[in-house]
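For reference, the structure is listed below as structure tokens.
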Amino acid sequence: MHNKPSHTILKTDIRDKADIIVLIDAFYGQVRKDPVLAPIFQQRILDDAAWPIHLRTMYSFWNTLLFGENDYHGNPFHKHIGMEIGMLHFDRWIGYFHQTVDLYFSGPMAENAKEKATKMRMIFESKLGV
């Protein structure tokens, strides 16, 4: 009898900034290809040279949010004022975020990241009147 090789990938929880980098890079890889979301991000991130700056900001943002590091300084909401963002955009954004977390990670911090993203969505929708 032959044993089938296991294709199960053992996922770890989000443990540190290196894991956040994996998450954010994969997440924005999806966002940048999405026909609904990509044009929204292109309104603020004007060319490929600006993406590394945005990604570094997001690494710091999530590192601060998840691990309490004093890594991010700013107000993420202000960047979104004046943009034409609707429910469809938020649905896709949160869908990609949850999908990416679940693809790469499993555990309490991964669940915490999804909860924080969901709360952020609700706050942004409320403030933007979506």
Query raised in the report: Among Tyr96, Trp93, Trp51, which one satisfies ring pair (Phe, Tyr, Trp, His ring centres under 6.0 Å) with Tyr28?
Result: Trp51

**Report entry** Cationic N near anionic O, under 4.0 Å, Arg121 to Asp91
**Finding:** yes

Query raised in the report: Salt bridge check: are Glu115 and Lys119 linked by an N-O gap of less than 4.0 Å?
Result: no

What closest approach, in Å, do [X] and [Y] show between heavy atoms, and which atom pair accounts for it?
X	Y	result
Asp13	Gly107	OD2-C, 3.4 Å
Ala49	Pro52	O-CD, 3.4 Å
Tyr104	Val22	CD2-CG1, 3.8 Å
Asn70	Thr64	C-OG1, 4.3 Å
Ala113	Ile14	CB-CD1, 4.0 Å

Hey, does [Y] have a side-chain heavy atom less than 4.5 Å from the side chain of [X]?
X	Y	answer
Lys116	Trp62	yes
Asp71	Tyr59	no
Met120	Phe61	yes
His98	Thr118	yes
Asp19	Met109	no

Query raised in the report: Can the ring centres of Phe27 and Phe97 be said to be less than 6.0 Å apart?
Result: yes

Quick check for you: to the nearest 0.5 Å, what is the distance between [X] atom [atom1] and [Y] atom [atom2]?
X	Y	atom1	atom2	value
Leu37	Leu88	CG	CG	7.5 Å
Met58	Leu23	CE	CG	12.0 Å
Phe41	Asp34	CZ	CG	9.5 Å
Gln30	Gln99	CD	CD	6.0 Å
Gln42	Asp48	CD	CG	9.0 Å

Report task. Group every Ile, Leu, Val, Met, Phe, Trp and Tyr by side-chain heavy-atom contacts under 4.5 Å, then state whether Val101 and Leu103 land in the same group. Result -> yes

Report task. Treat each ILVMFWY residue as a node, draw an edge where side-chain heavy atoms are under 4.5 Å apart, and state whether Met87 and Ile40 are in one component. Result -> yes

Query raised in the report: Got a donor-acceptor contact below 3.5 angstrom from the Ser126 side chain to the Met122 backbone?
Result: no

